[in-house]
Amino acid sequence: MTAQISYDDVEVGTEIPAQTFPVTRATLVQYAGASGDFNPIHWNEKFAKGVGLPDVIAHGMFTMASAIRVVTDWVGDPGAVAEYGVRFTKPVVVPNDETGALIEVSATVAAKLDDAERTVRVDLVAKSAGQKVLGMSRAVVRLA
């Protein structure tokens, strides 16, 4: 695969289409199985509350992976992401109901970094329940 978005067609300030990702308790169990992270704060409500959390919370890496999907869907190639980093600021609390939680992600091209490498910096904002759940969420993306 190669990036579908041309460096020449992108300007600083370009908004990437926002997306919302639902998270249920079933999603967390599936992620735990795939990742091998069976920490009970991600599936056991009694345990999570017992250690001071408001409820079961989504895995940080799951939240991080969900957020970058906005960029990989936009560029058309997951391999185009050269760097990606976040700071975890708030947990995504996942109630035990049919709805669960939502991770709402928006992103903007914040800088054109290197004409020769055709790279841009994309800044992401990830929120759940109206609160930012990732801080300093940035990706360096190599465009076509």
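One-based numbering along the sequence shown. All of these numbers come straight from a predicted model, not from anything done at the bench.
Interatomic distance, K127 NZ to I103 CD1, rounded to the nearest 0.5 Å: 14.0 Å. Rounded to the nearest 0.5 Å, atoms CD (Q131) and CD (E104) are 12.0 Å apart. Atoms NE2 and CG, on H42 and L28 in that order, are 8.0 Å from each other to the nearest 0.5 Å.
Within the 4.5 Å cutoff, no side-chain heavy atoms of F21 are placed close to those of L102. Between V12 and K112, the closest side-chain pair of non-hydrogen atoms falls below 4.5 Å. Annotation: side chain of D8 is in contact with side chain of R118 (closest heavy-atom distance under 4.5 Å). No side-chain heavy atom of Y7 sits less than 4.5 Å from a side-chain heavy atom of L113.
Smallest separation of non-hydrogen atoms from V75 and R142: CG2-O, 4.4 Å. In terms of heavy-atom proximity, F38 sits nearest to A32 at CZ-O, 3.4 Å. The two residues T99 and D97 come nearest to each other via the heavy atoms N-OD1, 3.0 Å. Here the closest non-hydrogen pair linking V92 and S128 is CG1-OG, 3.6 Å. Nearest heavy atom pair, residue A80 against residue A3, reads CB-CB, 4.3 Å. When all heavy atoms are compared, the tightest approach of P22 to T27 is O-OG1, 4.4 Å.
Following chains of ILVMFWY side-chain contacts shorter than 4.5 Å, one cannot reach V125 starting from V109, and the two form parts of different hydrophobic clusters. The hydrophobic cluster containing V71 also contains I5, counting ILVMFWY residues as joined when their side-chain heavy atoms lie under 4.5 angstrom apart, directly or transitively. No path of Ile, Leu, Val, Met, Phe, Trp and Tyr side chains, each step under 4.5 Å between heavy atoms, connects V105 with V93, placing them in separate hydrophobic clusters. Under the 4.5 Å side-chain contact rule for hydrophobic residues, W43 and V94 do not share a cluster.
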Let me see the working for L124 and L134 under side chain to side chain contact (heavy atoms under 4.5 Å, CB included), right down to the final yes or no. CA-CA 8 Å; L124 297 94; L134 299 176; over 6 Å; no
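Legend: residues meeting side-chain hydrogen bond (donor to acceptor under 3.5 Å, both in side chains) with Y31, ordered by chain and number and at least two apart, are absent.
Under the side-chain hydrogen bond (donor to acceptor under 3.5 Å, both in side chains) criterion, the residue pairs touching residues 67-79 are Q19-D73, with sequence neighbours excluded.
Remark: side-chain polar atoms of T119 are not paired, donor with acceptor, to backbone N or O of V140 under 3.5 angstrom.
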Identify each donor-acceptor pair in which a side-chain atom of residues 48-67 lies under 3.5 Å from a protein atom, sequence neighbours left out, and give them as a table.
{"unit_1": "K49", "atom_1": "NZ", "unit_2": "E45", "atom_2": "OE2", "d": "3.2"}
{"unit_1": "D55", "atom_1": "OD1", "unit_2": "R25", "atom_2": "NH2", "d": "2.7"}
{"unit_1": "H59", "atom_1": "NE2", "unit_2": "D37", "atom_2": "O", "d": "3.2"}
{"unit_1": "T63", "atom_1": "OG1", "unit_2": "H59", "atom_2": "O", "d": "3.2"}
{"unit_1": "S66", "atom_1": "OG", "unit_2": "F62", "atom_2": "O", "d": "3.0"}

